[in-house]
Amino acid sequence: MRKMAETVFVCSNCGNEFGKWSGQCSACGEWNSIKEISKSQFPIPNKNRKNILQKAEVKNLGKLKPTPNPSLDKEGNGYIFSSKIEEFDRVLGKGIVRGSVVLFAGEPGIGKSTLLTQLMGNIGGLYVAGEESAEQINLRVKRLGLKADKFDVLETNSVEDIEQTLDRTNNLYKIAVVDSIQVMNTETGTGSAGAVNQIKESTFRLVQLAKKTGVAMFVVGHVTKEGDIAGPKLLEHMVDTVLYFEGEKNGDLRILRANKNRFGPTDEVGVFKMEEKGLREIKSEEINLIDSAKQNRIGSAITVVMEGTRPMMVEIQALVTESFAPMPTRVFSGIDNNRGRLLVAVAQKVLNMPLYKYDVYISVTGGIKIEDTGADLAVVAAMYSSYKNVPLTPKSPSATPLSPLKKGEIKSGPVFVGEVSLLGEVKKVKQMEKREKEARGMGRKMVSINSIRELKN
Ligand code: TYD
Ligand code: MG
């Protein structure tokens, strides 16, 4: 008798398997994440796995031998060594931890391979190329002006190949980049490359390998569209650190954020700019997305948001135009949709703007995403400016700085910082002093108002 094709249901968020479909995953609570996968994708049993795993062993910490890898200890503080990219180190904590596994996640095309190539150009190591050929990587290395001899490229999709290579080259490499986890497979995992189980098994094996060899691994994971099987979310709990590389592809600003960090903080960010010759680190003083020549324009408001512990000056632009559609358009890019809608509603009520018959477009320059509610006031101010068709000048609204200003210190327009409540009150947000300092450093003053009503003055 022929067997019927069997299927299994897998949650794309947590990877749990179920016998039947349901709208919500009972393991992680995610909605619409369960996908049906044919069991024929799972031909290989888990038989080899026990040979590969090391035997468990009880270790007394008092008797633990120092790590046998002196070449690593010369640089940095033993277990931790610098990536020689300041922004990268600060996000990781102090630097790269020996034997750790970092999941390096981001949308395709955002610059993951570029940044990791630059990292390897500094340190040297093994580049496991699953997606590109050695020639293609060489082109990138040349474009970035890096030394080709720092790169050993292993063209493979097989985790066994990586294991053998690292075994053979004992202690040769400090770091290995695996680009990307989505194209890796193992003999022990079930399913084809790209299948959830293969990705999980590959990651599991790479974590074992990193621990065994002391090589720090950077595993690239493409963030796939929502609901797609096998996004990096599946792997977060397995690795030591999860870094997200974000930004808008048509913008050139990139932000590196730690989502999980076993060895360091998660509130630091690294800022980069994608340029002709790769990613350039942006220092604090430079994080200024404002073109000072174009100040005080209609529909524009400047704010200072906190990215980790660093202030960053950004411009919010609003376009408020009369709508001829039955439902006016709302387009928010760079700010949360719900937050945007709420601010439109508050502005309509408190500032008497008839926004129900106006289309509202909001965007944030530089293509960054703002989660900081400190930008609320700037969003409202930009909408008001666009609606009224007047620029926001230093005199309007009345601007009182938090501390006295020196004569001639202020050269440019106002800065709007504050969270807007449902009643239109403007509330102070965290790290006001840092933000004010940043504003002042850029020759601007921070407006101090208690209600968005005062924007009308
Ligand atoms: P890439 O690192 O290949 O992205 P990912 O690995 O995340 O998919 O980067 C792709 C983009 O970066 C590509 O559109 C070209 C651009 N880029 C530059 O602008 N400058 C450079 O020096 C390099 C190498 C790439
Ligand atoms: Mg890539």
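Both counts, for ligands and for their atoms, begin at 1 and track the order of listing. Just the heavy atoms: all of them, side chains too, but no hydrogens, waters or symmetry mates, feed the values below.
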For this session: Could you confirm whether S113 has any N/O/S atom lying under 2.8 Å from the Mg ion (ligand 2)?
Result: yes
For this session: Report yes or no: does a heavy atom of P108 sit under 4.0 Å from some atom of ligand 1?
Result: yes
For this session: Taking only Lys NZ, Arg NE, NH1 and NH2, and the carboxylate oxygens of Asp or Glu, determine whether E107 and K112 approach each other closer than 4.0 Å.
Result: no
For this session: Give the contacting part of R143 toward ligand 1: side chain, backbone, both or neither, where contact means a heavy-atom distance below 4.0 Å.
Result: side chain
Exercise. Under 3.5 Å between some N or O of ligand 1 and some N or O of M274?
Worked result: no
For this session: Could you tell me whether the side chains of T266 and N261 share a donor-acceptor contact shorter than 3.5 Å?
Result: no
Exercise. Of the protein's non-hydrogen atoms, which lies at the shortest distance from atom 22 (O) of ligand 1, and what is that distance?
Worked result: G278 N, 2.7 Å
Exercise. Can we say E371 and R339 salt-bridge, meaning some charged N sits less than 4.0 Å from an Asp/Glu carboxylate O?
Worked result: no
Exercise. For atom 2 (O) of ligand 1, what is the nearest protein heavy atom, given as residue, atom name and distance?
Worked result: T114 OG1, 2.6 Å
Problem set entry | Protein non-hydrogen atom found under 4.0 Å from atom 18 (C) of ligand 1 | yes
Problem set entry | Flag side-chain contact, heavy atom, 4.5 Å: R341 against F332 | yes
For this session: Of the side chain and backbone of R140, name the one, both, or neither that has a heavy atom under 4.0 Å from an atom of ligand 1.
Result: side chain
Exercise. Is the shortest N/O to N/O distance between S113 and ligand 1 below 3.5 Å?
Worked result: yes
Exercise. Do E438 and R310 meet the salt-bridge criterion of a basic N to acidic O distance under 4.0 Å?
Worked result: no
Exercise. Is there at least one pair of N or O atoms, one from L144 and one from ligand 1, spaced under 3.5 Å apart?
Worked result: no
Exercise. What is the nearest protein non-hydrogen atom to atom 13 (C) of ligand 1, stated with its residue, atom name and distance?
Worked result: G109 O, 4.7 Å
Problem set entry | D167 bridged to K212 by N-O distance under 4.0 Å | yes
Exercise. Taking C-beta and beyond as the side chain, do V304 and R444 meet within less than 4.5 Å on heavy atoms?
Worked result: no
Problem set entry | Side-chain touch F263/I80, heavy atoms, less than 4.5 angstrom | no
